[in-house]
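Remember, it's 1-based here, ligands and their atoms both numbered in the order they're listed.
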Amino acid sequence: MTDFDSGSRLRPWQRTAAGAGLLSPDGVVAATIFAEMSALASRTDAINLGQGFPDEDGPAEVLEAAMQAIADGVNQYPPGPGMPVLREAIARHQRRWYGIEADAASEVLVTAGATEALAATILALVDDGDEVVTFEPSYDAYAALIARAGGVHRTVPLRFPDWRPDPDELTAAIGPRTRLVIVNTPHNPTGAVLDRDTLGLVVELAERHDAIIVTDEVYEHLVFDGTHVPIAALPGARERTVTISSGGKTFSTTGWKVGWLVAPAHLVTAILAVKQYLTYVNGAPFQPAIAAGLDLPDHVFADAAANLRAKRDVLAAGLVAAGFEISLPAAGYFIVADAAPLGFDDGAELCRRLPDLAGVVGVPISAFVHPERRDATRSLVRFAFCKRLEVLQDASERLAALGAR
Ligand SMILES: *Cc1c(COP(=O)(O)O)cnc(C)c1O
């Protein structure tokens, strides 16, 4: 056995991550529910509504701009903070949609997806023992990165079906040891949009305890009613907020991994010092293509959201007809459904059996929750609806078999 795979020599972050269910119990390999479910889908020919990636291309202008950039020779390392054409488009986008002013040269950083923006931010700003607050369930990368940085992860529960956090629980979670508060709205895996009062309370608490707000807004353009409210637009927030987004979800280009962050210059400098030695740079020809996408007219963004909303409605109707209780998402790629009314109290077990029972694959919400807090979310399953309408119709018909058992 090498040091690396010897359980007794696990490094502290591996022990923390294993305890959080992010690594195998021996702390060595990544926890496998997503991989397990995708493998199950391909083995059984089930419809994979587990992982959240679209099965259709986004705007042609964006795809063509990338092809043109390759043809034009944009194939070498771009500048470390990102190509000016993209940084300027990001600054324009923040002003156009939200009235947020950002200096493209000093307050915008291009990253390898939102994932690298999160990683570089957390690694740059969290020291051993610093507390980081997130809502829970939460996107799995947060807990893994907090553990890797030596931070202490504190969570505020969101409860099915309306997912609204309790202000007292939020107030209790944020204190003098809090270094970061990570907000994710619209939210994965629940599809919830945090209301203005909650966002306002986060800003107030962050100011009181001098914490930095990190906001993951990758679904900013996939809101089904109304428009996205970025927390950085609230009074007092801009100077302590790192806003993270990505072209992947907005333009159905998840494989391109072009993300970014917008923050005060001193935070960008600190984060760039880490990012420089993670990927350094990525995706040269994709950067001008995402810039072109960000400058597309309003109706392109509205059409994408309307299109996705229609998909949501098809899958929602199918899940309800099958006998699930659902939380109708206000945004994003996913619906959370409660399998308890169908007699399944364990979502993970249902997900393992679902290909056999109905030819569909989902992911248990327990994958987004610490093991010791899984009871409240035990019977919940997440299904992706960022798939072609006919695929969702087929999935809905298959799911009807569950109710007919
Ligand atoms: C998809 C997703 C990400 C990752 O975005 P990339 O640009 O692909 O790295 C980050 N946060 C949330 C909430 C997501 O759903």
Side-chain angles (χ1 to χ4, degrees), residues 22 30 33-34 38 49-55 58 62 66 82 86 90 93 108-123 132 134-146 155 158 163 180-194 213-223 228 230-231 242-262 271 274-275 278-279 281-283 286-287 289-291 293-294 304-305 308 312 329-336 363 365 367-369 382-387:
L22 298 158
I33 193 79
F34 295 92
S38 286
L49 304 184
Q51 220 189 348
F53 59 88
D55 61 357
V62 175
L86 177 54
I90 292 162
H93 170 276
V108 178
L109 181 61
V110 176
T111 56
T115 307
E116 193 200 26
L118 286 160
T121 299
I122 292 168
L123 293 173
V132 180
T134 75
F135 295 100
E136 187 173 58
S138 67
Y139 188 61
D140 56 346
Y142 305 162
L145 290 165
I146 294 164
T155 61
L158 303 176
W163 309 115
L180 304 182
V181 183
I182 302 181
V183 172
N184 169 212
T185 185
H187 186 259
N188 178 7
T190 66
V193 167
L194 291 176
I213 300 165
V214 177
T215 173
D216 175 346
E217 307 188 350
V218 299
Y219 298 102
E220 61 187 319
H221 287 292
L222 304 179
V223 177
H228 172 64
I231 195 166
V242 179
T243 300
I244 291 174
S245 193
S246 160
K249 307 290 161 64
T250 298
F251 302 117
S252 297
T253 51
T254 61
W256 288 11
K257 298 296 279 191
V258 174
W260 56 85
L261 60 86
V262 179
I271 296 164
V274 173
K275 185 255 185 308
L278 286 174
T279 58
V281 292
N282 76 297
F286 302 127
Q287 293 194 20
I290 295 295
L294 289 172
L308 199 58
R312 173 199 70 173
Y333 277 180
F334 306 105
I335 297 185
V336 177
V363 174
I365 290 296
F368 304 89
V369 180
R382 188 193 79 172
F383 294 99
F385 54 83
C386 49
K387 308 291 174 183

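- Under the side-chain hydrogen bond (donor to acceptor under 3.5 Å, both in side chains) criterion, K387 pairs with no residue, sequence neighbours left out.
- Of the possible donor and acceptor atoms, none in the side chain of T185 sits under 3.5 Å from a partner among the backbone N and O of H187.
- Ring geometry for F286 against W256 counts as parallel: the plane angle stays under 30°, on a 0 to 90° scale with 60° as the upper cut.
- Near N188, meaning under 4.0 Å from one of its heavy atoms, ligand 1 places the atoms 13 (C), 14 (C), 15 (O).
- Among protein heavy atoms, the minimum distance from atom 11 (N) of ligand 1 is reached at D216 OD2, 2.6 Å.
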* Dump the intermediate steps for ring pair (Phe, Tyr, Trp, His ring centres under 6.0 Å) on F34 and Y139, then the final yes or no. => CA-CA 12 Å; F34 295 92; Y139 188 61; 8.6 Å; no
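- When hydrogens are left out, the protein atom nearest atom 8 (O) of ligand 1 is K257 NZ, 3.3 Å; that is the closest non-hydrogen contact.
- When only interatomic distances are considered, the shortest N/O to N/O separation between T115 and ligand 1 falls below 3.5 Å.
- Judged by distance alone, with hydrogens and angles left aside, the side-chain atoms of T155 form no donor-acceptor pair with the main-chain N or O of F135 at under 3.5 Å.
- In this structure, the protein non-hydrogen atom closest to atom 7 (O) of ligand 1 is S246 OG, 2.7 Å.
- Of the listed options F334, Y142, Y219, Y219 places a heavy atom closest to atom 15 (O) of ligand 1.
- Remark: minimum distance from atom 6 (P) of ligand 1 to any protein heavy atom is reached at A114 N, 3.4 Å.
- In this structure, E116 contributes its side chain and V258 its backbone to no donor-acceptor pair below 3.5 Å.
- With a 4.0 Å heavy-atom cut-off, ligand 1 is reached by no atom of V258.
- Taking atom 1 (C) of ligand 1 as the reference point, the nearest protein heavy-atom neighbour is K249 NZ, 1.5 Å.
- Among all protein heavy atoms, the one lying closest to atom 3 (C) of ligand 1 is Y139 OH, 3.3 Å.
- One N or O on the side chain of R382 and one on the backbone of G50 form a donor-acceptor pair closer than 3.5 Å.
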